[in-house]
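These notes are about the structure you will find just below.
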Amino acid sequence: MLSLSTAVFPPKPLSSIPKSSFTGIQIRHACLVPIHIPLKTTRPFSANSLSSVVMMAKREEEMKEIRVLTTEQINEEVVELKGELFMLRLQKSARNEFKSSEFRRMRKRIARMLTVKREREIEEGINKRLSRKFDRQWKKSIVVRPPPSLKKLQEEEAAAEAEKSE
């Protein structure tokens with residue numbers, strides 16, 4: 001058996017260390033006194049822990065809302081959210097003002113909806129291959145229409161035009 005032993009070297013004065021062109025790490029001496037590094041203290045009710053609890057509650061609440069929807073409603077909502085995401089990309093490319101947090105929020109919401117949709121397919125016994133086939137058929141059947149935010153913007157512009165003409 002090998003036994004490990006530790007060697008402790010006494011500290012040398014700095015003046016006795018010879019000058020060299022070595023620019024790497026030099027081990028000068030081992031510390032005789034053990035150094036105590038405190039571990040991170042955890043606070044039971046810090047601001048971060050409370051915000052994560054609130055976020056989890058919001059996420060669970062959102063999942064409950066999604067599970068209440070029918071599959072057709074989920075499909076329509078996904079199409080609308082993808083249209084909104086496209087509009088956000090257009091705003092970004094045109095260098096208009098937009099909330100960058102909306103990208104993540106929309107992508108996450110789309111992912112949650114598609115997750116619920118897939119859970120339902122699994123409950124029905126639809127395998128992955130057939131699910132992809134249905135998904136391709138569904139994507140081909142989508143009629144391109146403007147997202148709700150664009151419709152709202154067009155309505156506001158039409159109302160402004162009507163006020164100007166009056």
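No hydrogens, no waters, no symmetry mates; every other heavy atom, side chains included, goes into these values.
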Rounded to the nearest 0.5 Å, what's the gap from NZ on Lys82 to CE on Met106? Could you check? 13.5 Å

Quick one: pull up CD in Glu80 and CD in Glu76 and give me the separation to the nearest 0.5 Å. 6.5 Å

Would Ile74 end up clustered with Phe134 when hydrophobic side chains under 4.5 Å apart are linked, directly or stepwise? no

Any chance you could measure Glu163, atom CD, to Glu161, atom CD, to the nearest 0.5 Å? 10.5 Å

Cation-pi, Phe103 ring and Lys92 (6.0 angstrom, 45 degrees): yes

Glu102 side chain to Lys99 main-chain N or O, any donor-acceptor pair under 3.5 Å? no

From the options Ile66, Val68, Leu69, select the one residue that forms a side chain to side chain contact (heavy atoms under 4.5 Å, CB included) with Val116. Ile66

Contact summary for Arg107 and Leu85, nearest pair of heavy atoms: CG-CD2, 3.9 Å

dist Glu124:CD -> Ser131:OG (nearest 0.5 Å) comes out at 10.0 Å

Heavy-atom closest contact (Thr70 atom, Arg120 atom, distance): C-NH1, 3.4 Å

So CD of Glu72 and NZ of Lys117: to nearest 0.5 Å the spacing works out to 10.0 Å

Evaluate the side-chain contact (heavy atoms from CB on, under 4.5 Å) criterion for residues Leu81 and Met113: first the C-alpha distance (whole Å), next the side-chain angles of each, then the deciding distance (0.1 Å), finally the verdict. CA-CA 10 Å; Leu81 283 172; Met113 291 188 159; 4.2 Å; yes

Less than 4.0 angstrom from a charged side-chain N to a carboxylate O is my criterion; do Glu121 and Arg118 meet it? yes

Applying a strict under-4.5 Å side-chain criterion to I, L, V, M, F, W and Y, I'd like to know whether Ile122 and Leu130 cluster together. no

Met63 with Leu114, same ILVMFWY side-chain cluster at under 4.5 Å: yes

Assess whether side-chain contact (heavy atoms from CB on, under 4.5 Å) is satisfied between Lys108 and Arg59, documenting all intermediate values. CA-CA 10 Å; Lys108 296 281 185 177; Arg59 191 174 307 130; over 6 Å; no

